[in-house]
Protein chains: 2
Amino acid sequence: MGRWEPNTRERLAKAALDLYGERGFERTTVAEIAKSAGLTERTFFRHYADKREVLFSGAIEFEQLFARAVADAPPSAAPIDALASGLDAICAVFEERRDFARKRQAVISATAELRERELIKLASLAAALTETLRGRGVPSTTAALTAETGVAVFKVAFERWITGDEARPLGRLARESLAELKAVAVGGNAPASEV
Amino acid sequence: MGRWEPNTRERLAKAALDLYGERGFERTTVAEIAKSAGLTERTFFRHYADKREVLFSGAIEFEQLFARAVADAPPSAAPIDALASGLDAICAVFEERRDFARKRQAVISATAELRERELIKLASLAAALTETLRGRGVPSTTAALTAETGVAVFKVAFERWITGDEARPLGRLARESLAELKAVAVGGNAPASEV
DNA sequence: CAGTTGATGTCAGTTACTGACATCGACGCT
DNA sequence: AGCGTCGATGTCAGTAACTGACATCAACTG
C-alpha cells in the first residue's frame, strides 16, 4: 500500500462536485475541498490548474473521442456526415451517465465562471474538430464552419436532454437538431421540430 | 470642472489595453492600470467587475445592435435571413475600427482567461438572438440553432478578417461564410469557398 | 542497505477582489 | 452667501486564489 490513499485526483473531483453542489461554487474554498478529500490546498493545485478545472478533467477524452469518430468516418462521407458520426459517438457515452451529467451541469450553469470554462472547452473541441476535418481534406473555412455547427448542435441537444422532463435519448435529440439545422440553413420559414 | 479628470472609464480602458499589449495581461496588475490612469485600484473595480471586463465594455451595445437588426427585419423573412441582416449591421460597425479591433484581438487571443470572457460574451449574444428570434415567432429549438449558427458565422468571418492579409470587408466575408454554411448543411462534399 | 524518486506537506508571498468608512467638490435649496 | 446632501473617489484592512521554495518520507532501485 502506498504512503497515501490512492485516487487522489478522483477524490478531489468528487469532493469538489459535492461541495459546489451543496454550498455553491463561490462559497466553497479550495482549502475546504482539499480537507474534505483528506489533502492540503497545495496538493489540489498540483492536480488541477485552478478551482474550476476540477470539474473538467474528462474534457480531453471527450474531445478525443469525438475527433476520432469524425476521423474514422468513411472517406467518402461529406463533412456534415462525418460530423454526425462524431455526435453519435459522444452521445452514446453520455447516455449512461445522465444523473452525473445532470448534477454537474446544475453546478456549472449556476456560476458564470464555470460557464466560461465550459465554453472554452467547447471552443477547444471545435478547434480539434476543425483540424480533424482538415485532415480529411476539407478546406479551412468549411472545416471551421462545420465544426462550429457540430458544437452548436451538441449544445442545443444537450440542453434539451439535461433540462426538464425530456425523455428521449441524447443521440436522438442530436440527430433531430442536426436535421433541423439543415432545414434552417436552407431557409424555410420557421419550421417546427416535428418529432 | 469636476473634482476629477473626466472620462474615468475610458481612461481606464485605454490604459488597460495599452498595458496588456505591452507587458501582457498576466504581468499587468490592476494597480498599475489604475495608476497609469491616475486613479486607484479600488476605483478600477468600481467601474469594471474584474480585470478582464475592462476589454469588453462595448459588448452590450454590440449585442443590442445585432439583436435590434434581427428584430427589425421584415416579418416575412425566414430566420436565417433575419440573422443575415443582423450580421450586416454589426459588420458595418467594425469596418471602421479595424486597427483597434486588431490590437484588442491580439491581446485577447494571447490569454486564455480573456478568450474565456470573449466566449461568454458570444454566448450571451447567442442567447439574446435566440430570444429575439422567438419574439419573431420562431420555435425555441429553431431559434437557438439559428442564433448559434449566426454566432459561428461571425466568429469565422471575424477571424478571417482580423488575421493575415485578408483585404475583403468583414461584411462580405460574413456573407460568404453564411453561404458556405448553407452549402455545408446541405451536405455537398467539401466544397471550396469560391470567391 | 544507501541513494534516488515522487507525491505530499509546510510556509511565505503576490495579487485579484470586497466591505466599511473617510473625503470633498458640485449642486440645489433657502 | 451659507448649508446639507450626493456621488465619485481615496484609504485601509481583510479574504482567498494561486505560486515558488524547501522539507518529508514511503517505495523503489541497484
Side-chain angles (χ1 to χ4, degrees), chain A residues 1-57 107-108 110-118 120-121, chain B residues 1-57 107-108 110-118 120-121:
Chain A
M1 197 181 70
R3 183 177 173 187
W4 293 278
E5 296 289 315
N7 304 329
T8 309
R9 279 180 68 88
E10 291 70 21
R11 275 157 50 215
L12 284 168
K14 175 164 174 34
L17 180 58
D18 288 344
L19 286 172
Y20 292 168
E22 289 166 20
R23 308 187 198 177
F25 175 81
E26 281 151 15
R27 277 175 306 183
T28 303
T29 70
V30 173
E32 286 168 350
I33 298 167
K35 187 172 180 184
S36 159
L39 297 160
T40 65
E41 189 180 358
R42 191 67 183 88
T43 296
F44 177 96
F45 286 111
R46 287 204 179 91
H47 286 274
Y48 297 102
D50 58 50
K51 193 185 168 184
R52 301 168 225 168
E53 196 67 20
V54 67
L55 290 185
F56 296 89
S57 57
V107 170
I108 292 174
T111 305
E113 278 184 83
L114 290 171
R115 263 179 281 140
E116 286 187 345
R117 181 57 49 89
E118 183 181 36
I120 210 172
K121 296 297 181 186
Chain B
M1 197 180 73
R3 182 176 174 187
W4 293 277
E5 297 288 317
N7 304 328
T8 311
R9 279 179 69 87
E10 290 70 20
R11 276 157 50 215
L12 283 168
K14 176 167 173 31
L17 180 58
D18 289 343
L19 286 172
Y20 291 168
E22 289 166 21
R23 309 187 197 176
F25 175 80
E26 281 152 14
R27 277 175 306 182
T28 303
T29 70
V30 174
E32 285 167 351
I33 298 168
K35 186 173 182 183
S36 160
L39 296 160
T40 65
E41 191 181 358
R42 191 65 183 89
T43 296
F44 177 96
F45 285 112
R46 288 203 179 93
H47 286 273
Y48 297 103
D50 58 52
K51 193 184 168 184
R52 300 168 229 169
E53 196 66 20
V54 68
L55 290 185
F56 297 90
S57 57
V107 170
I108 292 175
T111 304
E113 278 184 84
L114 290 171
R115 263 179 280 138
E116 285 186 347
R117 182 56 50 88
E118 182 181 37
I120 209 171
K121 296 296 182 185

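The figures here come from the full heavy-atom set of this structure, side chains too, leaving out hydrogens, waters and symmetry mates. These numbers come from a predicted model, not from an experiment. Residue numbers begin at 1 in each chain, while the letters A, B, ... track the order of the sequences.
Within the structure, ring-ring contact (aromatic ring centres under 6.0 Å, His included) contacts touching residues 10-29 of chain A (residues at least two apart or in different chains) are A:Tyr20-A:Phe25.
Of the possible donor and acceptor atoms, one in the side chain of B:Lys51 sits under 3.5 Å from a partner among the backbone N and O of B:Thr28. In this structure a side-chain-to-backbone donor-acceptor pair under 3.5 Å is present from B:Asp50 to B:Glu53. Under a 3.5 Å cut-off, the side chain of B:Glu22 and the backbone N or O of B:Leu19 do not form any donor-acceptor pair. Between the side chain of B:Arg9 and the backbone N or O of B:His47 there is at least one donor-acceptor pair closer than 3.5 Å.
Residue B:Phe25 contributes atom CZ, which lies 13 Å from atom P of C:dT15 at whole-angstrom precision. For the pair B:Glu26 CD and C:dA16 C1', the interatomic distance rounds to 13 Å; values are reported in whole Å. One interatomic measurement links the two molecules: CZ of B:Phe45 to C1' of D:dA16, which rounds to 14 Å at whole-angstrom precision. For the pair A:Arg27 CZ and D:dT15 C1', the interatomic distance rounds to 16 Å; values are reported in whole Å. The separation between B:Arg23 atom CZ and C:dT15 atom P is 11 Å, rounded to whole Å. Note: CZ (B:Arg117) to C1' (C:dA16) measures 13 Å, nearest angstrom. Between B:Lys51 atom NZ and C:dC17 atom P the separation is 8 Å, expressed in whole Å.
Residues B:Leu39 and B:Arg11 are in side-chain contact: their nearest non-hydrogen atoms beyond the backbone lie under 4.5 Å apart.
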Task: Reading 5' to 3' through nucleotides 3-14 of chain D, protein heavy-atom contacts under 4.0 Å coded B for base, S for sugar-phosphate only, - for none - done: ----BBBBB---
